[in-house]
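First comes the structure, then the notes that go with it.
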Amino acid sequence: MAYLVCITGTDGAGKTCITDWLQAYLQQHGRDTATVWSRFNNYLSKPILAITRLTGHNHFKPVGDEVHGFHDFQTLGIWRYVFAFLQAIDVNVATYIKILKPRKDCDVLICERGPWDTLTDVIVDTRLTQLKNHWIGKLIVRQVSHKSITFLISRDIEKICETRTELNDDYKLKEKYATYHELQKQYGWILIDNNASLDGTKQQIVDQLKKLGVIP
């Protein structure tokens with residue numbers, strides 16, 4: 001079975017840059033490597049998203065030069081759990097199609113954005129912090145929770161906003177940052193500090209992959 005490496009963290013933490021480098025690095029070291037991206041997989045949850053557009057709980061807001069969607073579902077009562085459950089079904093379908101099937105065709109599959117990020121998004125969008133231990137939260141990450149090497153790419157919010165000034169408009173950034181770090185502690189993800197040099201960040205990842213036997 002191929003290794004599954006999940007790269008997770010807030011927007012602006014450096015995930016895409018690190019993912020691109022890691023794929024090239026692993027290929028240079030003889031690993032057949034591929035990258036997938038799996039987020040915003042809305043199948044069964046689409047009706048709730050459509051209804052909440054009408055109620056104003058699901059809205060768009062300018063973030064820099066782009067328009068981002070925001071879900072303010074914290075006041076939806078029991079429907080928060082319904083949304084979380086439907087997201088759990090959606091993400092499991094997407095995980096099987098986009099992650100588990102391609103994993104069979106390579107030595108290392110890198111997932112930049114996946115079930116861990118969906119869990120974080122749902123917690124932040126619904127304010128259901130108990131999902132970290134709730135069966136619905138565990139269902140969201142069921143297919144990767146014991147099968148992945150997960151790196152949390154961590155960069156201080158102040159430094160993120162220096163290089164990605166548009167993220168100053170993301171009013172959920174701090175909450176996402178805190179939630180990622182809470183999940184890192186709970187699930188034992190490998191914490192990668194990306195506040196100093198990029199070479200230092202890369203070395204942290206290489207050291208961990210060697211320790212885990214992914215590369216010699």
Side-chain angles (χ1 to χ4, degrees), residues 6-19 37-42 45-88 90-91 94 111-134 136-137 140-141 150-187 189 191-195 201:
C6 293
I7 305 293
T8 191
T10 60
D11 290 339
K15 298 182 303 302
T16 301
C17 175
I18 288 168
T19 298
W37 191 96
S38 181
R39 197 184 184 194
F40 307 131
N41 301 294
N42 302 311
S45 52
K46 272 189 176 180
I48 289 183
L49 294 174
I51 292 170
T52 52
R53 280 291 303 279
L54 297 175
T55 63
H57 293 89
N58 174 15
H59 60 96
F60 292 94
K61 182 178 184 294
V63 176
D65 295 330
E66 300 178 351
V67 177
H68 290 195
F70 290 91
H71 301 157
D72 294 328
F73 292 168
Q74 61 272 15
T75 61
L76 291 181
I78 192 65
W79 287 101
R80 296 182 297 167
Y81 287 95
V82 175
F83 173 72
F85 177 67
L86 294 177
Q87 282 280 285
D90 289 347
V91 77
C111 180
E112 182 201 347
R113 295 291 192 184
W116 296 119
D117 302 280
T118 299
L119 177 58
T120 302
D121 287 341
V122 171
I123 290 173
V124 171
D125 290 343
T126 62
R127 297 278 175 84
L128 291 172
T129 57
Q130 58 267 42
L131 287 179
K132 295 192 294 288
N133 299 300
H134 195 276
I136 294 178
I140 290 175
V141 298
T150 303
F151 292 110
L152 173 61
I153 310 302
S154 179
R155 188 169 177 82
D156 293 344
I157 291 176
E158 294 77 12
K159 292 193 175 183
I160 288 175
C161 291
E162 284 177 6
T163 55
R164 294 278 303 277
T165 55
E166 74 276 10
L167 292 177
N168 283 294
D169 297 327
D170 185 348
Y171 63 93
K172 292 194 173 186
L173 183 60
K174 290 183 179 179
E175 192 173 354
K176 290 177 185 176
Y177 180 92
T179 302
Y180 273 116
H181 281 262
E182 290 167 6
L183 291 173
Q184 181 267 327
K185 292 176 182 176
Q186 177 167 341
Y187 285 97
W189 302 342
L191 182 63
I192 301 296
D193 187 342
N194 192 30
N195 283 298
T201 299

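Any value given below was found using the heavy atoms of this structure, including those in side chains, with hydrogens, waters and symmetry copies removed.
The main-chain N or O of Glu162 is never found under 3.5 Å from a side-chain atom of Thr165 such that the two would form a donor-acceptor pair. Put simply, the side chain of Gln184 never gets that close to the backbone of Leu152: no donor and acceptor are under 3.5 Å apart. With hydrogens and angles disregarded, a donor-acceptor distance shorter than 3.5 Å links the side chain of Asp90 to the backbone of Ser45. Side-chain N or O atoms of Lys15 include none that pairs as donor or acceptor with a backbone N or O of Ile153 at under 3.5 Å. A donor-acceptor pair under 3.5 Å links the side-chain atoms of Arg80 to the main chain of Gly77, judged by distance alone. Under a 3.5 Å cut-off, the side chain of Asn194 and the backbone N or O of Thr201 do not form any donor-acceptor pair.
Side-chain atoms of Leu86 and Pro47, non-hydrogen and from C-beta on, never get closer than 4.5 Å to each other. Looking at Leu76 and His57, their side chains come closer than 4.5 Å, going by heavy atoms from C-beta outward. In this structure, the side chains of Arg53 and Phe60 come closer than 4.5 Å at one or more pairs of heavy atoms. Residues Asp117 and Trp37 form no side-chain contact, since every pair of their non-hydrogen atoms from C-beta on lies 4.5 Å or further apart.
Across every non-hydrogen atom of Tyr81 and Ile136, the tightest pair is O-CD1, 3.9 Å. Of all non-hydrogen atoms in Tyr177 and Ser154, the two that sit nearest each other are OH-OG, 3.7 Å. Nearest heavy atom pair, residue Ala84 against residue Ile140, reads O-CD1, 4.3 Å. Minimum heavy-atom separation, Asn41 to Ser38: ND2-OG, 3.1 Å. The minimum heavy-atom distance linking Thr52 with Leu49 is given by the pair OG1-O, 3.1 Å. Closest approach of Thr129 to Ile123, counting heavy atoms only: CA-CG2, 4.1 Å.
Here the CG atom belonging to Asn42 is positioned 7.5 Å from the NZ atom belonging to Lys46, to the nearest 0.5 angstrom. Distance OG1/Thr10 to CD1/Ile157: 7.0 Å, rounded to 0.5 Å. Taking CZ from Phe151 and CG from Leu191, the interatomic distance works out to 11.0 Å, rounded to the nearest 0.5 Å. Rounding to the nearest 0.5 Å gives a distance of 9.0 Å between CH2 of Trp116 and OG1 of Thr8. In this structure, the separation between OG1 on Thr120 and CG on Leu183 is 4.5 Å, given to the nearest 0.5 Å. From Lys176, atom NZ reaches atom NZ of Lys174 across 14.5 Å, with rounding to the nearest 0.5 Å.
Remark: His71 pairs with Phe73 by the ring pair (Phe, Tyr, Trp, His ring centres under 6.0 Å) rule, at least two apart or across chains. Not counting sequence neighbours, the partners of Asn195 by the side-chain contact (heavy atoms from CB on, under 4.5 Å) test are Arg155, Asp156, Lys159, Asp193.
Applying the 6.0 Å contact sphere to CH2 of Trp79 captures no more than 12 heavy atoms from other residues, nucleotides or ligands. When the shell of 6.0 Å around NZ of Lys61 is examined, it contains more than 12 heavy atoms from other residues, nucleotides or ligands. Counting heavy atoms of neighbouring residues, nucleotides and ligands inside a 6.0 Å radius, atom CZ of Phe85 does not exceed 12 of them.
In summary, Lys172 and Asp121 do not engage in a salt bridge, as defined by a charged side-chain N under 4.0 Å from a carboxylate O. A salt bridge links Arg113 with Asp11; the closest basic N to acidic carboxylate O contact falls under 4.0 Å.
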Side chain to side chain donor-acceptor pair (under 3.5 Å), that's the test. Do Gln74 and Asp125 meet it? Break it down for me.
CA-CA 7 Å; Gln74 61 272 15; Asp125 290 343; over 6 Å; no
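A parallel orientation is assigned to the rings of Trp189 and Tyr187, their planes being inclined by less than 30° (bins at 30° and 60°).
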